[in-house]
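In what follows, a structure is listed as structure tokens, so that the remarks can point back to it.
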Amino acid sequence: MANRTVFRYADWSLATDTTGSGPIYAAECTSCGEASAAADEQEGPEVWCLRHAGLTGHTGFRGVITSFFRASLVEGPR
Ligand SMILES: [Zn+2]
């Protein structure tokens with residue numbers, strides 16, 4: 001008995017996932033690698049950068065924004 005696998009080719013669409021969390025913001029120091037806590041808004045990580053600069057003299061930061069997407073099958077005729 002042979003195994004049989006069927007692949008179905010279909011159209012998929014990718015959109016922002018609105019069912020869960022919105023974007024998550026964070027920042028990392030490019031000098032020492034220390035990172036802010038994750039936050040729902042940009043303000044928290046930005047304030048962390050300013051405090052970190054004041055405490056350490058480090059002035060370079062990397063902003064990290066994590067967004068969520070959801071793939072879904074496109075219904076209907078092509
Ligand atoms: Zn630093």
Side-chain angles (χ1 to χ4, degrees):
M1 185 168 110
N3 286 331
R4 186 172 160 202
T5 303
V6 176
F7 291 97
R8 177 175 170 245
Y9 292 94
D11 289 334
W12 287 81
S13 173
L14 194 65
T16 300
D17 188 352
T18 57
T19 61
S21 167
I24 297 173
Y25 300 91
E28 299 170 355
C29 175
T30 57
S31 296
C32 71
E34 196 171 325
S36 74
D40 292 338
E41 311 99 27
Q42 270 183 294
E43 186 181 349
E46 287 177 356
V47 169
W48 178 87
C49 292
L50 297 173
R51 285 195 183 127
H52 189 76
L55 290 170
T56 64
H58 299 163
T59 56
F61 299 93
R62 177 184 305 115
V64 180
I65 303 172
T66 303
S67 298
F68 300 92
F69 303 98
R70 175 99 25 205
S72 59
L73 275 170
V74 175
E75 301 291 336
R78 299 164 98 182

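Position 1 is the first residue of the sequence; numbering continues from there.
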| note | Applying side-chain contact (heavy atoms from CB on, under 4.5 Å) to Ala71 and not counting sequence neighbours gives Trp12, Leu14
| remark: In terms of heavy-atom contacts, Ala26 and Ala38 come closest through CB-CA, 4.4 Å
| task | Not counting sequence neighbours, list each pair that qualifies as a side chain to side chain donor-acceptor pair (under 3.5 Å) and has a residue in residues 34-52. | result | His52-His58
| request: Taking all non-hydrogen atoms of both residues into account, name the closest pair between Pro45 and Ala37 and its distance. | output: CG-O, 4.2 Å
| field | Counterpart residues, side-chain contact (heavy atoms from CB on, under 4.5 Å), relative to Thr16 (two or more places apart) | value | Phe69
| field | Set of side-chain contact (heavy atoms from CB on, under 4.5 Å) partners for Thr18, sequence neighbours left out | value | none
| query | Residues in side-chain contact (heavy atoms from CB on, under 4.5 Å) with Thr66, at least two apart? | reply | Ile24, Val64, Phe68
| request: Kindly state each residue pair satisfying salt bridge (Lys or Arg N to Asp or Glu O under 4.0 Å) with at least one member in residues 18-32, sequence neighbours excluded. | output: Glu28-Arg62
